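Owing to the predicted nature of the structure, the values given are computational and were not obtained by experimental measurement. So that the names make sense, note that chain A is the first sequence line, chain B the second, and so on, each numbered from 1.
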Amino acid sequence: MKKSVTRYVEKAVAAVAAARGVAVAGLPEIAIELPREKSFGDFSSNIAMQLAGRWHDNPRAIGAALKAELEKEDDLVEVTVAGPGFINMTLDVACWHRCLREIAAQKSDYARLDCGAGQRVLVEFVSANPTGPLHIGHGRGAAVGDVLARILSRAGYAVEREYYVNDAGNQMQVLGRSLRWRYLELLGARHGEIPEGYYRGEYLAAMARDLLREQGDALVAVSVAEEDEVGLDFFTRTAADAILLGIRDDLKLFGVDFERWTSEKEFFASGKVDLALAELKEKGVLYQDEGALWFASSRFGDEKDRVVVRANGVKTYFASDIAYHREKYERGYDLVVDVWGADHHGYVPRLRAAIEALGHCPESFAAILVQLVSLSRRGTPVAMSTRAGEFITLEEVVREVGRDAARYFFLTRRSDSQLEFDLELAKAQNSDNPVYYAQYAHARICSIFRKVAEEGLEIEGETPALGAGLTLPEELELIKKLDDFTVVLEAAARTLEPHRVTYYLDDLAAQLHSYYNRNRIINEEGKVSGDRLLLMTVIRQVLNICLTLLGVSAPEKM
RNA sequence: GCGCCAGUAGCUCAGUUGGAUAGAGCAACGGACUUCUAAUCCGUAGGCCGGGGGUUCGAAUCCUCCCUGGCGCGCCA
């Protein structure tokens, strides 16, 4: 509907401009909004005020001229100029009924947009080191990345999900040492506290017990010195493989699937890192200093230059990440989205610099920074310390509160604001828990349809229903809300903000509950309003789409 | 010290990218089940949008200076 109204306003502006002999080119974009106040009508525009400056006239006079043009439109039954120059427009109710029928006809394809125009997008997320199980912070990143991908996909982008496995570098060495230490501990060759800097989580001790049981006690000599490299490759690989399998399981349990798992190690092994560096060198943005090789990222907006090859000859993580992103562009994505923990925000300018240096438009790269999650139980904080190896894993959270609640909770905040996750609240089987609110709305509507079908109730009105009997203010508000979903989805895709869908869903559910409490679809005589049933059909349809976008189930019964 | 993000009701947070009288949930208080599901609804109360200055028809939103909190400032990843 908004699009139709936008066209009317565009037409009116063109007509008025012609009458005044003013050029239409270079005019501001026509912004159509939903007025806060219902009495202002269905849509409003501030275009008269925008034009006032350019046309050197007062906004109310321009508004009056536009109003005269707009009144020629059959669909607009009322046009007024209000306040400082807002143009308020009210549509014929028949338009809203038509709108409802159109949405109903599209069924589950409603709000499949084409604003992505088939452009290819890569969403890279989670990408945690395989050094330990996923914790709750990764869970938030997983929910945000996955739902973002679903939203973009519905908005008409060709989306792929990718997990970048950071399986190279120091921390993998430490992982191998940690597992070897645990193994030797079981053989009585290590005692006391695990050394400082090692991974001390219980999962490695458990893994060591499995190793001993399944593969015996000869994997490494008990006499091996701690600094020694003997057997490290084996322990590193064993630990990383097992942990990565666990991560895949956790993500599956959480409802997240990736098209692609990419290994950092492979980038080094295949020489792609060298290729990327060679390309940068060719572009003249690398230089040698103090024995190291630097990338001149400050020429592309970073605050300082960054090392890509250390003086000891070892390439940095940044170097492999350049190679990785270079490959993303070579694969032909139009938009590259990375979902990171917000503590990596300082890393954004240097990567964007590298992307630009490689000749790609920096606008085509977006980093979504996901803020910290703090856990609590009934308001009291749950301490989490990665150092002590005591953290709540994603798996524990999902098992405790359920996938639906966990996903929903992660999406109730903007990504860049901190999130307090209350385990008791998420687990609550009562009305305090917001995830049930939306699901309940869906189940309630299903229940009506069940009753109609089971009891073979008579449906009143035209067949098929036209919706013409829907004239209550709350019915029209509902139809407008349903119509607005395309706008919300488009905005969520454009701004890469999945929480917009959560808020929309909550609003729609609220309107449904309110309507349900006030009006009956099946009346006292057991007769069913066909028009209201049509309205329920469409609401259920949109609730279902939203829940599916969030990866939350849409129960038919609760 | 420099940079990034945040600061909105008692608490947790939205706020359609500059619009009209700033919203929701929880908590508090008062109501609604012989009903298509009360996991719901209706009502009351709650505000110097961190503070000052600026930009304009118009600012929670933009620019600037302070205050507070989180994070980042490695030839770690």
Side-chain angles (χ1 to χ4, degrees), chain A residues 31-37 40 44-46 49-50 52-53 58-60 82-86 88 129 131 166 168-172 264 289-294 303-304 306-318 320-321 341-349 369 371-372 374 379 412-414 416-420 422 425 428-437 439-441 443-452 455 457 484 487-488 491 494-495 499-500 502-504 506-507 509-510 512-524 526 528 532-533 536 557-558:
Chain A
I32 303 293
E33 312 183 325
L34 307 179
R36 194 197 318 284
E37 198 66 43
F40 293 156
S44 74
S45 174
N46 63 355
M49 289 177 285
Q50 303 250 20
N58 114 27
R60 294 202 59 112
F86 289 102
N88 294 329
N129 297 328
T131 56
N166 295 135
N170 270 333
Q171 84 281 11
M172 297 308 294
E264 181 190 2
D289 190 35
E290 293 178 16
L293 188 63
W294 298 71
E303 57 183 13
K304 52 184 271 199
R306 309 290 173 175
V307 170
V308 286
V309 182
R310 304 206 280 265
N312 64 9
V314 177
K315 296 170 195 93
T316 60
Y317 172 82
F318 181 43
S320 66
D321 219 17
D343 53 343
H344 288 72
H345 66 78
Y347 196 77
V348 178
L369 300 171
Q371 277 286 0
L372 209 85
S374 54
T412 54
R413 302 284 179 267
R414 263 178 29 221
D416 55 8
S417 83
Q418 294 189 11
L419 170 68
E420 195 180 314
D422 194 309
L425 181 59
Q429 296 279 326
N430 62 37
S431 55
D432 290 346
N433 193 334
V435 69
Y436 294 116
Y437 191 78
Q439 292 182 315
Y440 186 47
R444 266 189 153 170
I445 296 176
C446 290
S447 159
I448 297 171
F449 281 94
R450 220 166 21 240
K451 173 139 180 162
V452 170
E455 302 184 9
L457 299 177
D484 194 42
V487 177
V488 171
R494 189 187 65 242
T495 59
H499 75 279
R500 288 171 186 261
T502 315
Y503 279 88
Y504 173 84
D506 193 65
D507 277 354
L512 180 274
H513 286 311
S514 176
Y515 180 77
Y516 181 96
N517 272 275
R518 231 150 88 154
N519 303 286
R520 299 192 54 87
I521 287 78
I522 302 170
N523 68 19
E524 266 70 13
V528 189
R532 289 184 172 177
L533 211 53
M536 290 303 120
K557 213 181 223 178
M558 286 174 74

Aro-ring/base stack Y503(A)-A14(B), d under 5.5 Å, angle under 30°: no
Stacked pair F40(A)-A20(B), distance under 5.5 Å, angle under 30°: yes
Considering only side-chain heavy atoms of [X], which listed nucleotide, [options], is closest?
| X | options | answer |
| --- | --- | --- |
| P35(A) | G74(B), G70(B), A20(B) | A20(B) |
| W294(A) | U17(B), C13(B), C75(B) | C75(B) |
| H499(A) | A14(B), U17(B), C75(B) | A14(B) |
| E290(A) | C75(B), A20(B), U16(B) | C75(B) |
| V307(A) | U35(B), C75(B), U17(B) | C75(B) |
| R413(A) | C75(B), A14(B), A39(B) | A14(B) |
| N129(A) | A77(B), C75(B), G70(B) | A77(B) |

What does [X] touch in the nucleic acid at a heavy-atom separation under 4.0 angstrom: a base, only the sugar-phosphate, or nothing?
| X | answer |
| --- | --- |
| N170(A) | sugar-phosphate |
| A52(A) | nothing |
| A292(A) | base |

Which whole-number value in Å describes the distance from [X] [atom1] to [N] [atom2]?
| X | N | atom1 | atom2 | result |
| --- | --- | --- | --- | --- |
| L512(A) | A39(B) | CG | P | 15 Å |
| H513(A) | G25(B) | NE2 | P | 12 Å |
| Y347(A) | C76(B) | OH | C1' | 11 Å |
| E37(A) | G15(B) | CD | C1' | 16 Å |
| N166(A) | C76(B) | CG | C1' | 12 Å |
| L34(A) | G23(B) | CG | P | 15 Å |
| F86(A) | G19(B) | CZ | C1' | 4 Å |
| N517(A) | U40(B) | CG | C1' | 5 Å |

Using purine N1 to pyrimidine N3 plus N6-O4 or O6-N4 for Watson-Crick, or N1-O2 and O6-N3 for G-U wobble, both under 3.5 Å, which nucleotide pairs with [N]?
| N | answer |
| --- | --- |
| U16(B) | none |
| C73(B) | G1(B) |
| A6(B) | U68(B) |
| A38(B) | none |
| G43(B) | C29(B) |

Does the [X] side chain pair with the main chain of [Y], one donor and one acceptor, at a distance under 3.5 Å?
| X | Y | result |
| --- | --- | --- |
| N517(A) | H513(A) | yes |
| N46(A) | M49(A) | no |
| S514(A) | A510(A) | no |

base_contact_polar ([N] base, [X] side chain, donor-acceptor, <3.5 Å):
| X | N | result |
| --- | --- | --- |
| S44(A) | A20(B) | yes |
| R444(A) | U40(B) | no |
| D506(A) | A14(B) | no |
| D343(A) | G72(B) | no |

Nucleotides 4-10 of chain B: protein proximity per nucleotide (B base, S sugar-phosphate only, - neither; heavy atom, under 4.0 Å): BSS----
Do [X] and [Y] have a side chain donor and acceptor closer than 3.5 Å?
| X | Y | value |
| --- | --- | --- |
| D416(A) | Q371(A) | no |
| E264(A) | S320(A) | yes |
| D484(A) | Y504(A) | no |
| R310(A) | T316(A) | no |

Chi class for U12(B): syn within 90° of 0, otherwise anti: anti
In C63(B), glycosidic geometry as syn within 90° of 0 or anti otherwise: anti
In whole Å, what separates the [atom1] atom of [N] from that of [M]?
| N | M | atom1 | value |
| --- | --- | --- | --- |
| G23(B) | G46(B) | P | 14 Å |
| C76(B) | G72(B) | C1' | 14 Å |
| A9(B) | C49(B) | C1' | 10 Å |
| G19(B) | U35(B) | C1' | 44 Å |
| U68(B) | G30(B) | C1' | 39 Å |
| G18(B) | C63(B) | P | 10 Å |
| U16(B) | A22(B) | P | 15 Å |
| C41(B) | A24(B) | C1' | 16 Å |

For the student: nearest non-hydrogen atoms of I522(A) and K451(A), plus distance: CD1-CG, 3.8 Å
So, OP1 or OP2 of [N]: does either fall under 4.0 Å of a side-chain N or O from [X]?
| X | N | value |
| --- | --- | --- |
| R518(A) | U35(B) | no |
| Y437(A) | C41(B) | yes |
| Y436(A) | A39(B) | no |
| R36(A) | G15(B) | no |

Approximate separation, where rounding is to 0.5 Å, of I521(A) CD1 and I445(A) CD1: 8.0 Å
Nearest-nucleotide comparison on RNA chain B, the residue closer to the 5′ end among Y515(A) and D507(A): D507(A)
First of S514(A) and T412(A) reached from the 5' end of RNA chain B, by closest nucleotide: T412(A)
Minimum side-chain heavy-atom gap V309(A)-V314(A) below 4.5 Å: no
Set of side-chain hydrogen bond (donor to acceptor under 3.5 Å, both in side chains) partners for R532(A), sequence neighbours left out: E475(A), Y515(A)
Non-neighbouring partners of A292(A) that pass side chain to side chain contact (heavy atoms under 4.5 Å, CB included), sequence neighbours left out: W294(A), V307(A)
